[in-house]
Chemist: 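Please find one structure pasted underneath; my questions will follow.
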Amino acid sequence: MQNEVWLRMGSFILVLALMMIWEAVMPNRVSPVARYKRWSSNFFLVLCGALTGRLLVPAGLAVVAIFADEQQFGVLNRLPVPEWAAVALAVIALDCLIYWQHRVFHRVPLLWRLHRVHHADPHLDASTGLRFHPIEIALSLGVKGLGIFLLGVPVMAILIFEIVLNASAVFNHSNIKLPNWLETPLRKVIVTQAMHRIHHSQVVTETDSNFGFCLSIWDRLFHSYTHEAKAGDDGLTLGLKEYNKENNNTGISTVLLMPFRQIPKQMPPKNGSPKNERS
């Protein structure tokens, strides 16, 4: 764990670089907003999130795990299982925890104000997987810290999980399209781009589905899985209807202040049909 920071940073940069190269060579969609404008906002939030994490948890979540181990507190510290099994169970349990955290952030209005910063991105690429408000990052650290303490998560499991979580977020938000022969069996195990794009649909019932970050089993197990968007993958409209203009979905000050500002008003639909949007 002495090289924890370098391992996390190295794996993160490697996955991000690979996905950005793939996107550049074989992009799936064209962004409605200039790349440099979106990237300046998204990567600024990455910097804020990294600073938030280090300021709130100076020594990292490993401190919580070490304390729980010393006190022999937590489920896994009480179970007579070998270390490798405890690590595997902990990584799976933490992924389930993040799945439920994600669902709660969609359900609770105050938390949704923070999480909509992520969903307001009008395009999906590797940088979107990093676009989270620093307050949401702080709350997520608190949730993970509590989960680590109650579960008695081994320190090694935290390192593995953080690497997997960051890599998964970059991977499944990336602007690529896997061939069907690969995507179909792959999504039975992990969250793919096509599966997660549905979660970023402007249709609320689709936004409120496919909450998983890494393992796809949780959405099936807890009945939040949507196999295909109503408009199909190619016809999917990304982002939030309320934030469909560049001046309210892009820009450093815009994304930082978004949770504290009133939701922009929409023009009524021309055909008079009811709007399918979040209240």
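Predicted model only: the values in this text are computed from it and were never measured.
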Chemist: Run the salt-bridge test on R187 and D219 with the 4.0 Å N-O cut-off and return the result as yes or no.
Modeler: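 So R187 does not pair with D219 through a salt bridge.
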Chemist: Main chain of D69, side chain of Q72: is a donor-acceptor contact present, judged purely on distance under 3.5 Å?
Modeler: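 Between the backbone of D69 and the side chain of Q72 there is a qualifying donor-acceptor contact (under 3.5 Å).
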Chemist: How far apart are the closest heavy atoms of L178 and E183, and which atoms are they?
Modeler: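 The answer is CB-CB, 3.9 Å.
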Chemist: Can you check whether R29's main-chain N or O pairs, donor with acceptor, with N175's side chain at less than 3.5 Å?
Modeler: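 The answer is yes, because a donor-acceptor pair under 3.5 Å joins these two groups.
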Chemist: With no hydrogens and no angle check, is any side-chain donor or acceptor of E23 less than 3.5 Å from a backbone partner on I176?
Modeler: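 No, the answer is negative, given that no donor and acceptor are paired below the 3.5 Å cut-off.
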Chemist: Nearest 0.5 Å, what's the CG-CZ distance between L45 and F43?
Modeler: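 Here the rounded value is 11.0 Å.
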Chemist: Would you name the heavy atoms of A65 and I158 that are closest together and state the gap between them?
Modeler: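 Nearest heavy atoms, A65 then I158: CB-CD1, 3.5 Å.
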Chemist: Check for a donor-acceptor pair, side chain of T207 on one end and backbone N or O of S201 on the other, with a separation under 3.5 Å.
Modeler: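 It does hold such a pair.
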Chemist: Can you name the one residue among F105, W112, Y243 that meets ring pair (Phe, Tyr, Trp, His ring centres under 6.0 Å) with H119?
Modeler: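 So the option named by the test is W112.
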Chemist: Is a donor on one side and an acceptor on the other found under 3.5 Å between the side chain of Q202 and the backbone of T237?
Modeler: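 Judged by distance alone, no pair lies under 3.5 Å.
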Chemist: Please work out whether the ring planes of H199 and H196 are parallel, tilted or perpendicular, with thresholds of 30° and 60°.
Modeler: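 Judged by the thresholds at 30° and 60°, the geometry between H199 and H196 is tilted.
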Chemist: Do you know the tightest heavy-atom contact between A126 and V170?
Modeler: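 Heavy-atom minimum between the residues: CB-CG1, 3.8 Å.
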Chemist: Do you know which of Q193, R131, H200 makes side-chain hydrogen bond (donor to acceptor under 3.5 Å, both in side chains) with H173?
Modeler: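 Answer after filtering Q193, R131, H200: H200.
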Chemist: With a 4.5 Å cut-off on side-chain heavy atoms, are L94 and I148 touching?
Modeler: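 I148 reaches L94 side chain to side chain.
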Chemist: Sequence neighbours left out, what pairs pass salt bridge (charged side-chain N to carboxylate O under 4.0 Å, His left out) with at least one residue falling in residues 153-176?
Modeler: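 Residue pairs with at least one partner in residues 153-176: R8-E162, K144-E162.
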Chemist: Does L61 form a side chain to side chain contact (heavy atoms under 4.5 Å, CB included) with L141? I'd like the steps, not just the answer.
Modeler: CA-CA 8 Å; L61 295 170; L141 280 170; 4.2 Å; yes
Chemist: If every non-hydrogen atom of N248 is compared with every non-hydrogen atom of K245, which pair is closest and at what distance?
Modeler: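 Scanning both residues, the minimum pair turns out to be OD1-O, 2.7 Å.
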Chemist: Hey, are T128 and R38 close enough side-chain-wise for a donor-acceptor pair under 3.5 Å?
Modeler: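 Yes, T128 and R38 have a side-chain donor paired with an acceptor closer than 3.5 Å.
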Chemist: Should I98 and F161 count as side-chain neighbours, where that means a heavy-atom distance under 4.5 Å?
Modeler: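 Answer yes - side chains close enough.
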Chemist: Treating Ile, Leu, Val, Met, Phe, Trp and Tyr as nodes and any side-chain heavy-atom pair under 4.5 angstrom as an edge, say whether W181 and M195 lie in one connected cluster.
Modeler: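 Hydrophobic grouping puts W181 apart from M195.
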Chemist: Within a 6.0 Å radius of atom CZ on R78, are there more than 12 heavy atoms belonging to other residues, nucleotides or ligands?
Modeler: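 Result for CZ/R78: open.
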Chemist: Taking the side chain as every heavy atom from C-beta outward, state whether I66 and V155 have any atom pair closer than 4.5 Å.
Modeler: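 Yes, side chains in contact.
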Chemist: Checking the side chain of E246 only, and the main-chain atoms of V33 only, is there a donor and an acceptor separated by less than 3.5 Å?
Modeler: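 Pair absent, no side-chain N/O of E246 close to backbone of V33.
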Chemist: Hydrophobic clustering (ILVMFWY, side-chain heavy atoms < 4.5 Å, transitive) - are F171 and V189 grouped together?
Modeler: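 Cluster IDs for V189 and F171 match.
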Chemist: Assigning hydrophobic clusters by single linkage (Ile, Leu, Val, Met, Phe, Trp, Tyr; side-chain heavy-atom cutoff under 4.5 Å), is V25 placed with L18?
Modeler: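 No, separate clusters.
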Chemist: Would you give the length of the straight line joining atom CZ of F149 to atom CD of Q71, rounded to the nearest 0.5 angstrom?
Modeler: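 Reported to 0.5 Å precision, the distance equals 7.5 Å.
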Chemist: Can you spot which of N28, T192, N210 makes a side-chain contact (heavy atoms from CB on, under 4.5 Å) with R197?
Modeler: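 For R197, the side-chain contact (heavy atoms from CB on, under 4.5 Å) test succeeds with only one of N28, T192, N210, which is N28.
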Chemist: Evaluate side chain to side chain contact (heavy atoms under 4.5 Å, CB included) for V164 paired with D95, printing each intermediate quantity in order.
Modeler: CA-CA 9 Å; V164 170; D95 191 56; over 6 Å; no
Chemist: Quick one: are the ring centres of H118 and H102 less than 6.0 Å apart?
Modeler: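 Centroid separation for H118 and H102: 6.0 Å or greater.
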Chemist: Just verifying a value: how many Å separate S140 OG and L165 CG, rounded to the nearest 0.5 Å?
Modeler: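 The CG atom of L165 is 7.5 Å from OG of S140, to the nearest 0.5 Å.
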Chemist: Please determine whether side chain to side chain contact (heavy atoms under 4.5 Å, CB included) holds for the pair I92 and W218, giving the CA-CA distance in whole Å, both sets of side-chain angles, and the decisive distance to 0.1 Å.
Modeler: CA-CA 10 Å; I92 294 171; W218 310 124; 3.7 Å; yes
Chemist: Do S11 and N166 have side chains that get closer than 4.5 Å, going by heavy atoms?
Modeler: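 A side-chain contact under 4.5 Å is absent here.
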Chemist: Just verifying a value: how many Å separate S168 OG and L215 CG, rounded to the nearest 0.5 Å?
Modeler: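 Atom-to-atom, S168:OG and L215:CG are 8.0 Å apart.
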Chemist: Transitively linked via ILVMFWY side-chain contacts under 4.5 Å: W22 with L124?
Modeler: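 Different clusters: W22 never reaches L124 through Ile, Leu, Val, Met, Phe, Trp or Tyr contacts under 4.5 Å.
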Chemist: State the OG1-NZ distance between T254 and K37, to the nearest 0.5 angstrom.
Modeler: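 Between atom OG1 of T254 and atom NZ of K37 there are 11.0 Å.
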Chemist: For atom CG of N247, decide whether the heavy atoms of other residues, nucleotides or ligands shown that lie under 6.0 angstrom number more than 12.
Modeler: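 More than 12 heavy atoms, drawn from other residues, nucleotides or ligands, come within 6.0 Å of this atom.
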Chemist: Contact between S224 and D208 at the side-chain level, heavy atoms closer than 4.5 Å - yes or no?
Modeler: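 No, side chains not in contact.
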Chemist: Is there a donor-acceptor pair under 3.5 Å between the side chain of H115 and the backbone N or O of L111?
Modeler: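 Answer holds: no.
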Chemist: CG/D121 to CG/N249 distance, rounded to the nearest 0.5 angstrom?
Modeler: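 Between D121 CG and N249 CG, I get 7.5 Å after rounding to 0.5 Å.
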Chemist: At their closest point, which heavy atom of T226 faces which heavy atom of S209, and how far apart are they?
Modeler: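 For T226 versus S209, the nearest heavy atoms are OG1-OG, 3.0 Å.
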Chemist: Just say parallel, tilted or perpendicular for the rings of F211 and Y99, cut-offs at 30° and 60°.
Modeler: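 Taking Y99 first and then F211, their aromatic rings stand perpendicular (interplane angle over 60°).
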Chemist: Of M258, H106, E242, which meets side-chain contact (heavy atoms from CB on, under 4.5 Å) against R116?
Modeler: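 Going through M258, H106, E242 one by one, the side-chain contact (heavy atoms from CB on, under 4.5 Å) with R116 is satisfied by M258 alone.
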Chemist: Cut-off 3.5 Å, side chains only: do S216 and R220 have a donor facing an acceptor?
Modeler: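 Yes - a donor-acceptor pair under 3.5 Å links their side chains.
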Chemist: L159 and side-chain contact (heavy atoms from CB on, under 4.5 Å): which single residue from L7, V87, V91 fits?
Modeler: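 When side-chain contact (heavy atoms from CB on, under 4.5 Å) is applied between L159 and each of L7, V87, V91, only L7 qualifies.
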Chemist: Looking at side-chain heavy atoms only, is the closest gap between V117 and P259 below 4.5 Å?
Modeler: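 Yes, side chains in contact.
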Chemist: I'd like to know whether L150 forms a side chain to side chain contact (heavy atoms under 4.5 Å, CB included) with F73, so could you lay out the CA-CA distance, the side-chain angles of the two residues, the decisive distance to 0.1 Å, and finally the verdict.
Modeler: CA-CA 7 Å; L150 295 177; F73 187 88; 4.0 Å; yes
Chemist: Nearest heavy-atom pair of R103 and F222: which atoms, and what distance?
Modeler: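 Residues R103 and F222, closest heavy atoms: NH1-O, 3.2 Å.
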Chemist: Ignoring hydrogens and geometry, is there a side-chain-to-backbone donor-acceptor pair from S40 to Y36 under 3.5 Å?
Modeler: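 Such a contact is found between S40 side chain and Y36 backbone.
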Chemist: Are L151 and V143 joined in one hydrophobic group, where the rule is that I, L, V, M, F, W and Y side chains link up if heavy atoms are under 4.5 Å apart?
Modeler: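 Looking at the clustering, V143 is in the same group as L151.
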